[in-house]
J.: 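Pasting a structure here, questions to come.
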Amino acid sequence: MLKIAVFVSGGGTNLQSLIDACSDGSVDARIEAAISNNSGAYGLKRASKVGIATYHLSSVVFADKGDYLDALIKVLADHKIDLIVLAGYMKLLPSEVVSEYYGRIINIHPALLPKYGGKGMYGMNVHRAVLKAGDRYSGATVHMVDEKYDHGSILIQRQVRVEPDDSPETLAARVLKIEHEILPRAVSLFVK
Ligand code: GAR
């Protein structure tokens, strides 16, 4: 069975959607590890609750960048990871990991890429920018990962309406709902 490592930075609702999809059989894969740059990420708790191995790995906690990279690569190798899913991960993966797993890393982004991608465009910043621009539609994108932020080819994209009275929070909630549909769908397509 295909083995997945999921990277999270915060709440981990996208990770939860994958945990649920793997357990109800709609995704034929197993989540082997959850990795976060943030020791307090609730996503790590969601993972450990269902017995998934969790790791707090960050370039900040390792004094030496090489040690960080070695630790990351060891976790992925020890678990024989086939696919890396960035599910609300706010950091750039080291380029060594991107080249090692090229074509086997996907990311979910809360906007209609290529709009509202790139450095600094994550989480609520994206929704604020969409509202500020007055766009009538936003959405979510699952794409392959390369060395640049939010750049690789698009696998699935779905749009939602921006309502006139939206706040960044209400828009984020509407987008997050479709993220929970398209991320498991993209992983399922990858598995097939
Ligand atoms: C999601 O909206 C995800 O698309 C976004 O962070 C949120 C994480 O939510 N990711 C990015 O902005 C990455 N560029 P979650 O922790 O509940 O899955």
Side-chain angles (χ1 to χ4, degrees), residues 4-23 27 31 33-50 52 54-59 83-94 97-98 105-133 135 137-162 166-187 190:
I4 302 176
V6 182
F7 284 65
V8 294
S9 291
T13 64
N14 277 293
L15 165 63
Q16 189 67 54
S17 75
L18 279 181
I19 291 172
D20 296 345
C22 289
S23 81
V27 169
I31 303 172
I35 299 168
S36 184
N37 58 305
N38 172 10
S39 61
Y42 188 66
L44 292 182
K45 289 218 173 65
R46 293 179 188 272
S48 55
K49 264 187 206 169
V50 293
I52 295 168
T54 62
Y55 300 91
H56 171 217
L57 296 176
S58 133
S59 57
L83 172 68
I84 294 175
V85 178
L86 307 182
Y89 190 60
M90 305 307 177
K91 298 280 176 191
L92 206 54
L93 275 187
V97 175
V98 175
I105 314 174
I106 66 179
N107 178 47
I108 184 143
H109 187 76
L112 297 173
L113 291 175
K115 290 179 94 179
Y116 307 108
K119 199 168 184 344
M121 275 295 167
Y122 57 85
M124 280 301 166
N125 293 351
V126 173
H127 305 300
R128 279 189 211 103
V130 169
L131 291 177
K132 194 169 172 213
D135 289 7
Y137 292 94
S138 188
T141 306
V142 182
H143 65 94
M144 302 304 298
V145 169
D146 61 18
E147 296 81 2
K148 295 185 197 158
Y149 276 108
D150 309 319
H151 182 260
S153 38
I154 290 172
L155 294 172
I156 302 186
Q157 189 164 65
R158 197 176 296 166
Q159 66 179 29
V160 298
R161 279 174 65 102
V162 177
D166 263 335
S167 63
E169 290 73 20
T170 58
L171 179 58
R174 194 174 310 116
V175 170
L176 200 53
K177 204 159 173 249
I178 59 162
E179 292 184 42
H180 300 160
E181 293 169 21
I182 67 172
L183 184 60
R185 174 94 188 109
V187 172
F190 185 95

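Just so you know, residue 1 is the first one in the sequence shown, and it goes up from there. All ligand and atom numbering here is 1-based and tracks the order in the structure. Note that the coordinates shown come from a computational prediction; the quantities given were computed from them, not determined experimentally.
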J.: Where is the nearest protein heavy atom to atom 14 (N) of ligand 1: which residue, which atom, and how far?
T.: His109 ND1, 3.3 Å

J.: Using the test side-chain hydrogen bond (donor to acceptor under 3.5 Å, both in side chains), find all partners of Ser36 that sit at least two apart in sequence or belong to another chain.
T.: none

J.: Which value, rounded to the nearest 0.5 Å, describes the distance between Leu131 atom CG and Leu171 atom CG?
T.: 5.0 Å

J.: Hey, is the main chain of Leu44 close enough, under 3.5 Å, to the side chain of Ser48 for a donor-acceptor pair?
T.: yes

J.: Just do the side-chain contact (heavy atoms from CB on, under 4.5 Å) check on Val126 and His109 with the steps written out, would you?
T.: CA-CA 9 Å; Val126 173; His109 187 76; 4.0 Å; yes

J.: Return the residue, atom name and 0.1 Å-rounded distance of the protein heavy atom closest to atom 12 (O) of ligand 1.
T.: Gly123 N, 2.8 Å

J.: Kindly write out the residues that satisfy side-chain contact (heavy atoms from CB on, under 4.5 Å) with Gln159, not counting sequence neighbours, or none if the list is empty.
T.: Leu112, Tyr137

J.: Need the ligand 1 atom indices (1-based, order shown) with element for anything under 4.0 Å from a heavy-atom of Gly88.
T.: 6 (O), 8 (C), 10 (N)

J.: Under 4.0 Å from a heavy atom of Gly11: which atoms of ligand 1 are those, numbered in the order shown and with their elements?
T.: 16 (O)

J.: Let me confirm one number: the CG-CD1 distance from Leu93 to Ile84, rounded to the nearest 0.5 Å.
T.: 6.0 Å

J.: Among all protein heavy atoms in this structure, tell me which lies nearest to atom 16 (O) of ligand 1, with the distance rounded to 0.1 Å.
T.: Gly12 N, 2.7 Å

J.: Note the single closest protein heavy atom to atom 1 (C) of ligand 1, along with its residue, its atom name and the distance in Å.
T.: Glu179 OE1, 3.2 Å

J.: Within a distance under 4.0 Å of any heavy atom of Pro110, pick out the atoms of ligand 1 and give their elements.
T.: 2 (O), 4 (O), 5 (C), 10 (N), 11 (C), 12 (O)

J.: Could you list the atoms of ligand 1 found under 4.0 angstrom from a heavy atom of Tyr122?
T.: 12 (O), 14 (N)

J.: Nearest 0.5 Å please: distance from the CG atom of Leu113 over to the CG atom of Asp150.
T.: 5.5 Å

J.: Would you give the length of the straight line joining atom CD1 of Ile106 to atom CD1 of Ile154, rounded to the nearest 0.5 angstrom?
T.: 13.5 Å

J.: Within the side chain of Arg174, is there an N or O that forms a donor-acceptor pair under 3.5 Å with the backbone of Arg161?
T.: yes

J.: Measuring from the heavy atoms of Gly43, does anything fall under 4.0 Å of ligand 1?
T.: no

J.: Looking only at protein heavy atoms, which one is nearest to atom 6 (O) of ligand 1, and what is the separation?
T.: Met90 CE, 3.2 Å

J.: Report yes if some N/O of Asn107 lies less than 3.5 Å from some N/O of ligand 1; otherwise report no.
T.: no

J.: What do you reckon, does Leu176 put a non-hydrogen atom under 4.0 Å from ligand 1?
T.: yes

J.: Pick, from Tyr149, Tyr42, Tyr89, Tyr116, the option with the minimum heavy-atom distance to atom 13 (C) of ligand 1.
T.: Tyr89

J.: If you measure every N or O of Thr13 against every N or O of ligand 1, does any of those distances drop under 3.5 Å?
T.: yes

